[in-house]
2 protein chains.
Amino acid sequence: MPDADVNKLKDVKELDGPLADRVYDAVKSAILRLDFLPGETIRKSSVCTHLGLSRSPVSDALSRLSGEGLVDIYPQSGSRVSRLSVAAIHEDSFLREALEVAAVRHATEHVTDAMLDALDRNIGVQLEMVEEMDDDTFIATDTAFHEIIMQSTNVSRLWPTVRAVSQNVDRARRLLLPEEGRLAETVAEHSEIVAAIRNRDVAAAEEAMRRHVRELPARLVPLAEAYPDLFSS
Amino acid sequence: MPDADVNKLKDVKELDGPLADRVYDAVKSAILRLDFLPGETIRKSSVCTHLGLSRSPVSDALSRLSGEGLVDIYPQSGSRVSRLSVAAIHEDSFLREALEVAAVRHATEHVTDAMLDALDRNIGVQLEMVEEMDDDTFIATDTAFHEIIMQSTNVSRLWPTVRAVSQNVDRARRLLLPEEGRLAETVAEHSEIVAAIRNRDVAAAEEAMRRHVRELPARLVPLAEAYPDLFSS
DNA sequence: TTCTGTCAACTAACATGTCAGTTGAAAAAT
DNA sequence: ATTTTTCAACTGACATGTTAGTTGACAGAA
């Protein structure tokens, strides 16, 4: 198994705060962006020399990432980016579904004009760009859509929690991106959700969100076959 | 603000695995059991000398706990057990509700005799002990009840995730324990949930679980007034 | 060829040394 | 008496030294 390319780590010198936190952010971002691929070895020493610092903050960062399940540490042996797993992603999708459905339920029960405006604007952007969107922009606007709904609940820990349980889902989604036509489908699903919210139809909103969230795990098996190296046994 | 009493840390020498992991478990358990009270200072040096080891594994453990929000680290100054907050516990309850409701929904849609047997047996134990239960036993059987439902979904990450988002809720629950009559009420609520599951009545099961989970945040404000030191501003 | 035992190189874990930022109490000024 | 300043002690952050466990290449036996 190859080593992770430390050159893809975004630099750390220009920020402030504890070094360990910055290393944590840099490595986490690299993993979620698939710059560090699942299964690749993370050489602490390479990270240290590349970023120009000692082992302490790097170890601290990897230890935390290990707690989140993004890194597997094999004592006295090595550290690797955790592999994807069909079973684990199904489980994460279950958790994500529970939280997204609860959020859209709450949002529908407490609609405001500001919320609907923000959702309409977001979908407007998605429609404009449907033909010419690059991967990062697509992910950003899709993410923003869900974030608007989460924020509207005023449960500040909801969004971070969804992100936390969706980390493997997010990595898988990045692999799925190139699929033809999926983009327009996504926008349509988003529109359905907004329509249900606007109608104050809780059941419809929950069902639309459920269908939307279940799209990814449904496409998972062919993905695992296409990228066997990135998935565990 | 007083220091946390390191004597309450369970010893670490008799287990195996990395020292840092054992320290992590010991400190986390002390915090969740309220042996380390919210707001108390955790002196790394005390922990080190008490457990007889160096600063590395202790720092690693506290760093991870800081990531989970159980410990606040003030750089160059000190580390403290994070305080409770009414707002944060309400948010955690929202997340917990979302997951518990999704779990009971799934459980009700996939009932098995084994599951119902396990639930009946659990409630049997609770009924027997309702008069003479100590705090730890009560928490253990209550926890076991919810665990049975979670396990039945075969979503292995569900239970750990619920535990993760319920950490502050759990600490608050320990403060609420002494309240008279709450024990019998809890058993009644559990029984209602089981009855709904047995009837394959998804909507009733969801509603019973929702009511049950919402009991704690409803009792929160007087709690915060009773223990102002343990709550943040 | 295939299996097995050996061992050197590499890794994370842990210990320890050093430093800079924070703090709170004493000292000084008002 | 009250506020301000000073400063020594303490803390976590980080660097570095050391150790023990793991691994994979290689030599030798079958």
Side-chain angles (χ1 to χ4, degrees), chain A residues 1-6 9 11-27 31 36 39-82, chain B residues 1-6 9 11-27 31 36 39-82:
Chain A
M1 191 59 43
D3 291 356
D5 179 7
V6 289
L9 282 175
D11 207 358
V12 126
K13 303 268 176 185
E14 46 202 37
L15 303 160
D16 61 341
L19 278 177
D21 292 355
R22 289 183 260 167
V23 176
Y24 169 87
D25 288 338
V27 176
I31 292 174
F36 285 9
E40 284 184 336
T41 296
I42 300 177
R43 249 167 241 295
K44 286 187 180 178
S45 55
S46 305
V47 177
C48 291
T49 58
H50 177 73
L51 298 178
L53 34 85
S54 80
R55 307 190 303 269
S56 302
V58 175
S59 289
D60 189 281
L62 291 190
S63 173
R64 275 188 263 170
L65 289 167
S66 164
E68 290 183 31
L70 285 177
V71 169
D72 295 327
I73 297 180
Y74 301 91
Q76 267 69 46
S77 166
S79 306
R80 300 203 222 126
V81 181
S82 70
Chain B
M1 192 58 47
D3 292 355
D5 178 7
V6 289
L9 282 174
D11 205 358
V12 126
K13 303 268 175 182
E14 46 202 39
L15 303 161
D16 61 340
L19 277 177
D21 293 354
R22 288 182 261 168
V23 175
Y24 169 86
D25 288 338
V27 176
I31 293 174
F36 286 8
E40 284 183 336
T41 296
I42 300 177
R43 252 167 238 296
K44 286 187 181 180
S45 55
S46 306
V47 177
C48 292
T49 57
H50 178 72
L51 297 179
L53 34 85
S54 81
R55 307 191 302 270
S56 301
V58 175
S59 289
D60 189 281
L62 290 189
S63 173
R64 276 189 263 168
L65 289 167
S66 165
E68 291 182 31
L70 285 177
V71 168
D72 296 328
I73 296 180
Y74 302 91
Q76 269 67 45
S77 167
S79 306
R80 301 204 219 127
V81 180
S82 70

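All of these numbers come straight from a predicted model, not from anything done at the bench. Quick note on labels: first sequence line is chain A, next is B, and so on, each numbered from 1.
- The two residues A:Val58 and A:Cys48 have their closest heavy-atom pair at CG2-SG, 3.8 Å.
- Screening A:Val12, A:Asp5, A:Asp11, A:Val6 against A:His50 for a side chain to side chain contact (heavy atoms under 4.5 Å, CB included) leaves a single residue, A:Val6.
- Distance A:Leu62 CG to C:dA12 C1': 10 Å, rounded to the nearest Å.
- Heavy atoms only, all atoms of each residue included: A:Ser59 and A:Lys44 are closest at OG-NZ, 3.1 Å.
- No side-chain donor-acceptor contact under 3.5 Å links A:Thr41 to the backbone of A:Asp3.
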Which letter, B, S or -, goes with each nucleotide of nucleotides 13-18 of chain D from 5' to 3', with contact meaning a protein heavy atom under 4.0 Å? BSBBBB
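- One can place CG of B:Asp60 at 14 Å from C1' of D:dG12, the figure rounded to the nearest angstrom.
- Atoms CG (B:Leu65) and P (D:dG12) sit 14 Å apart, rounded to a whole Å.
- In this structure, CG of A:Asp3 is placed 13 Å from P of C:dC10, rounded to the nearest angstrom.
- For the pair A:Asp72 CG and C:dT11 C1', the interatomic distance rounds to 16 Å; values are reported in whole Å.
- Put simply, CD1 on B:Ile42 is 14 Å from C1' on D:dT11, counting in whole angstrom units.
- Taking atom CG of residue B:Asp16 and atom P of nucleotide C:dC14, one finds them 12 Å apart after rounding to whole Å.
- Shown here are the side-chain hydrogen bond (donor to acceptor under 3.5 Å, both in side chains) partners of A:Arg80, two or more places apart in sequence or in another chain: there are none.
- Sequence order on DNA chain D of the closest nucleotides to A:Ser77 and B:Ser77 puts B:Ser77 first from the 5' end.
- When the side-chain nitrogen and oxygen atoms of A:Ser79 are compared with OP1 and OP2 of C:dT11, none of them lie within a distance under 4.0 Å.
- Counting only heavy atoms from C-beta outward, the side chains of A:Val71 and A:Ile31 approach each other to under 4.5 Å.
- Computed from coordinates, the A:Arg43 CZ to D:dT23 P distance equals 13 Å when rounded to whole Å.
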